[in-house]
Amino acid sequence: MRGLLVLSVLLGAVLGKEDFSGHQVLRLSTDDAAQVEKVKELEDLEHLQLDFWRGPAQPGSPIDVRVPFRSIQAVKIFLEAHGIGYTTMIEDVQALLDEEQEQMFAFQARARSSDTFNYATYHTLEEIYGFMDMLVAEHPQLVSKLQIGNSYEGRPIYVLKFSTGGENRPAIWIDTGIHSREWVTQASGVWFAKKITQDYGQDSTLTAILDSMDILLEIVTNPDGFVFTYSKNRMWRKTRSRTAGSSCVGVDPNRNWDAGFGMAGASSNPCSETYHGKFANSEVEVKSIVDFVRNHGNIKAFISIHSYSQLLLYPYGYKAEAAPDRDELDQLAKSAVKALASLYGTKFKYGSIIKAIYQASGSTIDWTYSQGIKYSFTFELRDTGRYGFLLPASQIVPTAQETWLALRTIMEHTLQHPY
Amino acid sequence: MLPRRQRPPASGPWGPRPAVLLLAPLLLALQGVAAAPAGAGGPEDSPGLQDAEFPSGLLQQAARAALHFFNFRAGSPSALRVLAAVLEGRATVNPKKGCQVDLVFTTDHYNPEVGEEHLGKCSARVFFRNQKPRPAINVTCTRLIEKNKRQEEDYLLYKHMKQLKTPLDVISIPDSHGHIDPSLRPIWDLAFLGSSYVMWEKTTQFLHYYMAQISSVNQWKTSDDAIDFDYTVLLHEFSTQEIIPCRIHLVWYPGKPLKVNYHCQELQTPEEASGTEEGSAVAPTELNNF
């Protein structure tokens, strides 16, 4: 179909700029030879200016025809009068062409390197995945791309691994975009990836970290949800899994982990934004990380990034009891938010999930903490409600820059306090 | 992006530490203040709540409600305020009736473009009726924009709005990338003013709201003197994380009280959550404060 459209464009170009506004492409279905003959009659009516992409042949074979706007009514009346069924394959040919043109230009405008990539704008999944490949190609000694699974709708789930060598070194995990509408997080993840490649060998802290540890960065943790925020609903939060027995879609991936699963702090209603799913790790997006973390066995810090509210959180979310390492985590959080604020004065509050924000069960870092990953943190980035999820693109880089300072603080502490 | 310089807070993870607190017997009654209402089962016995750490969640809730009410009552899209910090607060609980919060908080300009640091200060008494929305509010604020200046700004906004071409050629404000065209900024401010009324009425001890997006402008009439604005807004609800579409109809004239009429989509329908893209909020039929 696309090929045929491109052909039309070329023909249009050859024949002089043609406008296909309002033109429709109909697919006709004929039941018998008589109907096929009728369509051939139609073909002979030159004044209709019909353009058969797939001409009449045998009964039962679909016939595709582009119908100019002014002929549409006449053609449809004709088809209906003769009992010839049809479906509208393309509602407006020009609209589709325009869209394709745009995509082609976008492709041409796509960054050739991670240096020309625009970090101050929001990107699509394709663009982010393309960015990852560029980064790996530019820094093959430092960066590699791991596929840890496939999303519910079959999209690959990638993790960037930053490593200067060694065998299964202790690692720091960072994920962004687990809730797809929190766009500043994926955008920040892209910025972090670039930042790491820039700072290795330049910034002594980051260099020291990477000389002994690996950094694992999952930028688009919920690719199906992310695509959905572009195609249909900018406010989509959950995965896009289908729930048997419900017409509602999706599970909250931050209520689906095996820590206090299903307890107060999540919903059992599939239509709810905090639906925990039928069972822990039901979501492949979550299970992929669980399996990865278990297999790796040497992750020492786990940081999951959300927006918005400007908070730095540590376990627990599902219960009010203080985590055994509460004092150390609290101190570290305090240092991290101080580092963050040093850049633009952005104020973050900090504390355990249940105290600082609300009770939440089955959340990511409650599980990672239960696995022995002591430095488990969740960020809620800018802002505090003025723009919320729709944070202006102009704030992406400042947000990423200040957040990086907090991440660096946590990573450095992890490096200096092996366990 | 201009840095938002704020006064450095007193220490403490909650920002400025509340100076006046009423604890112990009230804390048990306050259990569950952090619980997600959507969760199954009631709040369990939580040893954490016997901590000296007062769950400042309630103070924040009260401050937000008070500010929504204040903004609505002021009726001025050029003088909208946001919460800066809670300075002090105390709560008294009557398990049968509800919860009264007395508090002092500071405010900032809503519009970040305004350069000067202008921290207004407010004191408020907020009464949350048990589990019911529409808290009763008594609030006074100081150090506001000078009255004349405010009226001038409102009138400028009004004139600007009158000049906008109707019908408005917009789909959503902001767009997916958070961008608001400067010429449409007054619409956002006016919409926020109307939404303040709605958000005040919907706030409870446990639920609070932010205006996420204007998802459609249904009607924008300026033929008479007043601005007649019919729109659908998406409210982001904490702690359920739901996106609630609300159809709001407001009538505004500078200096006059704002008239608001609204209807929010309450039912969790079998269709997709996260706000429906078709904007299926029903047209308002009930009179709210007309």
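Chain naming here is simple, since letters A, B, ... match the order of the sequence lines and numbering starts at 1 in each. Quantities reported herein were computed from a predicted structural model and do not represent experimental measurements. Side chains included, hydrogens not; waters and symmetry mates left out as well; all remaining heavy atoms used.
The distance from atom NE2 of B:His177 to atom CH2 of A:Trp183, rounded to the nearest 0.5 Å, is 4.5 Å. Between the CD atom in B:Glu237 and the CD atom in A:Glu273 there is a gap of 10.0 Å [rounded to 0.5 Å]. Between the CH2 atom in B:Trp188 and the CZ atom in A:Arg386 there is a gap of 11.0 Å [rounded to 0.5 Å]. Remark: A:Leu390 CG to B:Ile173 CD1 distance equals 11.5 Å, nearest 0.5 Å.
For A:Tyr387 and B:His179, the ring centers sit 6.0 Å or farther from each other. Proximity of the aromatic rings of A:Tyr308 and B:Tyr210 is defined here by a centroid distance below 6.0 angstrom, and this criterion is met.
In this structure, the side chains of A:Ser272 and B:Glu242 come closer than 4.5 Å at one or more pairs of heavy atoms. Annotation: side chain of A:Tyr230 is not in contact with side chain of B:Ser176 (no heavy-atom distance under 4.5 Å).
Proximity to chain B (any heavy atom under 4.5 Å) is shown, for A:Ser361, by neither the backbone nor the side chain. Heavy-atom distances place no part of B:Tyr209 under 4.5 Å from chain A, backbone and side chain included. Using a 4.5 Å cut-off between heavy atoms, A:Tyr122 touches chain B through backbone and side chain atoms alike. Heavy atoms of A:Ala393 lying under 4.5 Å from chain B belong to its backbone as well as its side chain.
Between B:Thr240 and A:Thr274 the shortest heavy-atom distance is O-CG2, 3.6 Å. A:Pro392 and B:Gly178 make their closest contact through CG-O, 3.6 Å (heavy atoms, listed as atom of the first residue, atom of the second, distance).
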### Message
Applying side-chain hydrogen bond (donor to acceptor under 3.5 Å, both in side chains) to B:Gln241 and A:Arg255, what does each step give before you reach the verdict?
### Response
CA-CA 12 Å; B:Gln241 294 293 338; A:Arg255 300 289 187 281; over 6 Å; no
